[in-house]
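Take a look at the structure below.
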Amino acid sequence: MKFTIPTEEDIKYLNEELTKKNAQERLVWAAKTFTPGIAVSSSFQTQSVPLLHLVSQSCPEMPVIFIDTGFHFPETLAFRDMLKEKFHLNIHIIHPTITKEQLILDYGTELYRRDPDLCCYINKIEPMQRATAQYQVLVAGVRHDQTKHRNALRVIERRFSGPVRIHPIIDWSENDILQYITEHNLPAHPLTAQGYTSIGCAPCTQPTSRETTDKRAGRWTGKEKTECGLQIDFDKKQIGAGE
Ligand code: SF4
């Protein structure tokens, strides 16, 4: 099919329709409408499991993009490989353009501590932009209850640049995730049992304190940062990295 970027008017109409559907119906519609111009991105944490399971049930051929920043927990990579086998996922692993050694030579050690936005740009955003350049639509497993920014997202969103986003589980709660995992007897990321309620790169992820209800409180703890930039319109100029 020839893809035409939807207008804001189209997006409004589609959101009215898609809001009435459940997650699986949204995914089936998206796969049917946009294949082969559609992929799904995943960080392979416990929260990712229901969407990956729905993909395996509804559209198993859909490419699943995983950005291997080089900073993931070994448990995440093992969990990814286990889910690939279990769900027969069509995973595409994408790496940053520079090695970790080159990153240190160019920017010094612990860039993630000194300038996490630049580190995320080099290791996550640029690889994702490169990986998705061939797709018109990208499916993501974000939810309203995760961050203030995500709370404002709709089922389908246009971006200033890059693919149109589709969020099949945008209106799910944490309980919906847990209920789906229980009902379908699905596995959890091994670090979840150790108190990690949201899991990204190892240097920027801690177990979540028992005193908070914010499941993402263990991400970039002590910093203003709450998003790596994959879910917002974020480019190199905005983070002062120059061109
Ligand atoms: S999450 Fe941390 S280590 Fe990973 S790319 Fe971003 S700043 Fe770097």
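In what follows, residues are counted from 1 in the order of the sequence shown. Indexing begins at 1, ligand by ligand and atom by atom, following the structure's order.
Ion pair Glu157/Arg154 flagged as a salt bridge, since at least one NZ, NE, NH1 or NH2 atom sits closer than 4.0 Å to an Asp/Glu carboxylate oxygen.
When distances to atom 2 (Fe) of ligand 1 are checked against a cut-off of 2.8 Å, Cys120 contributes no N, O or S atom below that limit. Within the coordination shell of atom 8 (Fe) of ligand 1, defined by N, O or S atoms under 2.8 Å, Cys119 is present.
For ligand 1, the atoms sitting less than 4.0 Å from at least one non-hydrogen atom of Pro116 are 7 (S), numbered in the order shown with element in parentheses. Numbered from 1 in the order shown, with element, the atoms of ligand 1 that lie under 4.0 Å from a heavy atom of Cys201 read 1 (S), 3 (S), 4 (Fe).
Residues Leu54 and Val137 share a hydrophobic cluster, clusters being chains of Ile/Leu/Val/Met/Phe/Trp/Tyr side chains in contact below 4.5 Å.
Between Trp172 and Tyr180, the ring planes are tilted. Angles from 30° to 60° get that label.
Hydrophobic clustering, defined by side-chain heavy atoms of Ile, Leu, Val, Met, Phe, Trp and Tyr closer than 4.5 Å, leaves Leu178 isolated from every other such residue.
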